Structure formats: structure tokens, C-alpha cells
Amino acid sequence: MELVHSGKVRDVYADGEDLILVASDRVSVYDVVLPTPIPDKGAILTQLSLWWFEQLAEVAPNHVISEDVPAEWAGRAIRCRRLEMYPVEFIARGYLAGLGLEEYEKQGTVSGVPLPPGLVEGSRLPEPIFTPTTKATVGHDEFITFDDVSAEIGAETAGRLRDLTLEVYRRGAALALERGIIIADTKLEFGRAPDCTPVLADEVLTPDSSRFWPADEWKPGGRQHSLDKQFLRNWSASVTGWDRTPPGPQIPDDVVSALHARYADVYERITGSPWAP
Ligand code: ATP
Ligand code: MG
């Protein structure tokens with residue numbers, strides 16, 4: 001099979017008309033892949049994505065064809081429809097954190113969307129908001145406005161994808177909350193099918209693409225206990241002398257175990273099934 005793309009975390013192969021999206025156990029922080037793999041991570045994220053695609057099927061059509069992939073990738077790969085991807089990261093935010101918090105503190109907006117005064121780190125927003133970014137092939141993604149997205153892909157498609165992004169977020173967040181997890185924000189990717197319908201692609205509502213917080217520990221006004229990559233970002237910030245450029249630091253065993261436990265915990269809480277590799 002032809003390797004068509006090797007991302008930081010996943011490898012994409014072409015098999016005839018289809019793509020095979022293989023999730024590795026690699027982990028990245030600040031866009032730098034660390035040298036230590038996290039056992040099971042690719043399988044857990046793949047299985048969680050598949051579960052979400054099914055839950056969300058009535059909200060948005062998705063790219064999944066099957067799990068029929070070569071044996072060596074079984075469990076951590078998805079056979080999917082090859083789409084023409086929209087060059088935008090479709091982000092929905094229901095809570096204030098990360099880059100959204102930074103912009104809000106500077107100018108009271110997130111991605112140009114004005115927000116009420118008095119919000120703090122971890123605050124729930126009055127309504128989920130759509131805060132797209134560029135999908136940079138090199139360097140970091142940057143906030144763009146809805147008008148920028150319209151200019152790039154047309155106003156009608158932009159409006160449709162904004163609505164779909166917010167609806168996927170609302171449904172997913174409501175479902176996760178029933179199971180004790182706040183999905184603070186998430187990044188989606190959509191592609192265009194040959195008949196021009198927008199299709200939900202890539203991975204969906206995983207701890208690599210979203211912020212997950214335990215609902216019973218949610219306390220606005222500071223950093224939230226995170227079940228996602230924030231844990232690794234926090235650890236990496238404590239590594240003396242690492243300036244966020246390659247090569248990244250080795251992850252010690254106890255941190256690897258803690259990460260594995262978080263990924264498995266998120267999978268179990270959300271799907272309600274035990275994680276079995
Ligand atoms: P990173 O996510 O680490 O920034 P990346 O996005 O370049 O890196 P991956 O996410 O690891 O790489 O690889 C997945 C790639 O496959 C992405 O470029 C994504 O947009 C693309 N993709 C996902 N689903 C489809 C699809 N159905 N058709 C075509 N491309 C897809
Ligand atoms: Mg990606």
C-alpha cells in the first residue's frame with residue numbers, strides 16, 4: 001500500500017479508492033513528537049473515534065467504511081472514504097481554556113467572537129462558539145474568523161460546517177457529561193465527498209483532539225484537572241531545559257503509565273465498556 005501521508009501521530013495509506021488511517025502510539029506536545037510511545041494509545045483513540053462516529057451518525061455523515069485493514073494494524077486503523085479535505089480546523093468551544101483563554105484575557109474575544117466580561121479560566125461559555133483555525137502544514141495553527149472560512153470555502157459551505165461543528169460538539173458534550181466528563185472544546189475535520197456533501201472525517205472527540213475534564217472536579221478560576229494531553233503539556237513544561245523544539249524529551253515510565261491510564265479511563269467512562277486491547 002502506498003503511504004500518502006505520515007503525520008505526527010498517524011500514517012495514511014491508499015488502498016485503491018479508500019484510505020487507511022493508522023493511529024500510532026506516538027504522542028506530540030507543542031507539535032513536537034516525543035521519542036517515547038504510549039502503549040495502546042493508537043488503538044484506544046481509534047476505538048473511541050469509531051464509537052463516536054456511530055453515536056453521531058445522525059448528526060453528520062462520516063468517512064468510516066470498516067475496520068477491514070491488514071492484520072498488523074488491526075484495532076488501530078480505520079478504512080475510510082478518501083475525501084477532499086477542507087483546509088480548516090473546525091473548532092467548537094464550550095468552556096474557556098488554552099488559546100481561547102489567552103485571547104479572551106487580552107481583548108475579551110475568542111477568534112473574534114465577543115464574550116461577556118467576568119469569565120475566568122475554565123468558565124462555561126453562555127453558548128458553545130465556533131472558533132476555526134488554519135490547518136497549517138508547517139508551524140502552528142492560527143485563529144481565523146468565520147468570514148475567513150467563507151472566503152476560503154464559500155459562505156454556504158462555511159455556514160453548514162459551522163452548524164455541523166457546533167451540533168457535533170453539543171451532542172458529544174451532552175453525552176459525555178452524562179458520563180461524568182466535560183468536553184471543554186474539540187477540533188473536527190471535514191472533507192467533501194464527490195457529490196459535494198460535507199463528511200465528518202479524521203478522528204472525533206478523542207483526548208488528542210479535545211479537552212476532557214472530570215465533571216465532578218470542575219472548578220472555574222484555574223487550571224482544570226485534565227484527562228487529555230494537557231497532562232503531558234504540564235509535565236513537559238516541568239522538564240528543565242526543553243524549549244519546545246525537537247528533539248523532545250524522553251517520557252519517564254511513571255508518566256507513560258499515568259498517560260495510558262488516562263486514555264483507558266476516558267475510553268471506559270465515555271463508552272461504558274472496559275478497555276480490552
Ligand atoms: P497532526 O494532526 O499531528 O497535526 P497531520 O494532521 O498532518 O498531523 P495526522 O493527523 O497524523 O497528520 O494524519 C491524518 C491526515 O489525514 C490529516 O492530514 C487529515 O486531514 C487527513 N484525513 C483524515 N481523514 C481523511 C479522509 N477521509 N480523506 C482524506 N484525508 C483525510
Ligand atoms: Mg491531524
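We're numbering straight along the sequence, starting at 1. Computed over heavy atoms, backbone and side chain alike; hydrogens, waters and symmetry mates excluded. As the structure is a prediction and not an experimental result, all values here were calculated from the model.
A distance of 10.0 Å separates CG of Leu19 from CD of Glu2, quoted to the nearest 0.5 Å. From Trp51, atom CH2 reaches atom OG1 of Thr46 across 16.0 Å, with rounding to the nearest 0.5 Å. Taken from CG in Leu205 to OH in Tyr169, the straight-line distance is 9.5 Å, to the nearest 0.5 Å. Atom CD1 of residue Ile181 and atom CZ of residue Arg211 lie 15.5 Å apart, to the nearest 0.5 angstrom. With rounding to the nearest 0.5 angstrom, the CG atom of Leu115 is 4.5 Å from the CD1 atom of Ile129. Between the CD1 atom of Ile20 and the CD atom of Glu67 there is a distance of 11.5 Å, given to the nearest 0.5 Å.
In terms of heavy-atom proximity, Leu177 sits nearest to Ala215 at CD1-CB, 3.9 Å. Between Pro37 and Val256 the shortest heavy-atom distance is O-CG1, 4.3 Å. Minimum heavy-atom separation, Pro249 to Val239: CB-CG1, 4.0 Å. The two atoms that bring Asp31 and Lys8 nearest to each other are O-CD, 3.4 Å, heavy atoms only. Of all heavy-atom pairs between Pro116 and Pro126, the closest is CG-CG, 3.7 Å.
Test Val22, Val12, Asp11 against Ser6 for side chain to side chain contact (heavy atoms under 4.5 Å, CB included) and you get one pass: Asp11.
Within a 6.0 Å sphere centred on CG of Asp253, heavy atoms belonging to other residues, nucleotides or ligands number 12 at most. No more than 12 heavy atoms of other residues, nucleotides or ligands shown are found within 6.0 angstrom of CZ on Arg223. For Glu268, the CD atom sits in a packed shell: over 12 heavy atoms of surrounding residues, nucleotides or ligands are nearer than 6.0 Å. The 12-atom threshold is not exceeded at CZ of Arg82, counting heavy atoms of other residues, nucleotides or ligands nearer than 6.0 Å. Counting non-hydrogen atoms of other residues, nucleotides and ligands closer than 6.0 Å to CD of Glu142 gives a total of 12 or fewer. The environment of Arg124 atom CZ is sparse: at most 12 non-hydrogen atoms of other residues, nucleotides or ligands sit within 6.0 angstrom.
Asp202 is not listed as a side-chain neighbour of Ser49, based on a closest heavy-atom distance of 4.5 Å or more. In this structure, Val29 and Ser236 have side chains that are in contact, with non-hydrogen atoms separated by less than 4.5 Å. At a threshold of 4.5 Å between non-hydrogen side-chain atoms, the residues Leu119 and Tyr104 count as touching. With contacts defined as side-chain heavy-atom distances shorter than 4.5 Å, the pair Leu188/Leu164 does not qualify. For the pair Arg79/Leu21, no side-chain contact is recorded, criterion being any heavy-atom separation below 4.5 Å from C-beta on. Within the 4.5 Å cutoff, the side chain of Trp52 has no heavy atoms near those of the Glu203 side chain. Residues Pro87 and Glu152 meet the side-chain proximity criterion, which asks for heavy atoms closer than 4.5 Å. Using a 4.5 Å heavy-atom threshold, the side chains of Met1 and Pro70 count as touching.
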Check against side-chain contact (heavy atoms from CB on, under 4.5 Å), Gln55 and Leu175: CA-CA 9 Å; Gln55 304 299 313; Leu175 207 155; 4.0 Å; yes
Trace of the side-chain contact (heavy atoms from CB on, under 4.5 Å) decision for Leu125 with Tyr95: CA-CA 5 Å; Leu125 304 178; Tyr95 294 75; 5.6 Å; no
Verdict with reasoning, Thr206 to Asp208, per side chain to side chain donor-acceptor pair (under 3.5 Å): CA-CA 5 Å; Thr206 68; Asp208 269 15; 5.6 Å; no
Trace of the side-chain contact (heavy atoms from CB on, under 4.5 Å) decision for Val168 with Thr186: CA-CA 10 Å; Val168 165; Thr186 196; 5.8 Å; no
Intermediate values then yes/no, side-chain contact (heavy atoms from CB on, under 4.5 Å), Ile251 and Trp235: CA-CA 9 Å; Ile251 312 174; Trp235 165 77; 4.1 Å; yes
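A salt bridge between Glu217 and Lys219 is absent, with no side-chain N of the basic residue lying under 4.0 Å from a carboxylate O of the acidic one. Salt-bridge check for Arg81 with Glu17: failed, with every basic side-chain N at 4.0 Å or more from each acidic carboxylate O. A salt bridge does not link Glu156 to Arg160: none of the charged side-chain nitrogens sits closer than 4.0 Å to a carboxylate oxygen.
Applying the salt bridge (Lys or Arg N to Asp or Glu O under 4.0 Å) definition to pairs two or more places apart or across chains, those involving residues 92-113 are Arg93-Asp185.
Under the 3.5 Å distance criterion, with hydrogens and angles disregarded, a donor-acceptor pair is assigned to the side chains of Asp195 and Thr197. There is no side-chain donor-acceptor pair under 3.5 Å between Ser111 and Thr131. With no hydrogens or angles considered, no side-chain donor-acceptor pair links Asp147 and Thr145 at under 3.5 Å. Side chains of Ser226 and Gln224: a donor-acceptor N/O pair is absent below 3.5 angstrom, by distance only. Judged purely by distance below 3.5 Å, without hydrogens or angles, the side chains of His260 and Asp40 pair a donor atom with an acceptor atom.
Within the cation-pi definition used here (under 6.0 Å to the ring centroid, within 45° of the axis), Arg262 qualifies as a partner of Phe231. For the pair Arg162 and Phe146, the cation-pi criterion (under 6.0 Å, within 45° of the ring axis) is fulfilled.
The hydrophobic cluster containing Val69 does not contain Leu45, counting ILVMFWY residues as joined when their side-chain heavy atoms lie under 4.5 angstrom apart, directly or transitively.
In this structure, the ring of Tyr263 has its center no less than 6.0 angstrom from the ring center of Trp275. Taking the centre of each ring, Tyr13 and His5 stay at or above the 6.0 Å mark.
Checked by atom type and distance alone, the side chain of Ser24 pairs as donor or acceptor with a backbone atom of Val9 at under 3.5 Å.
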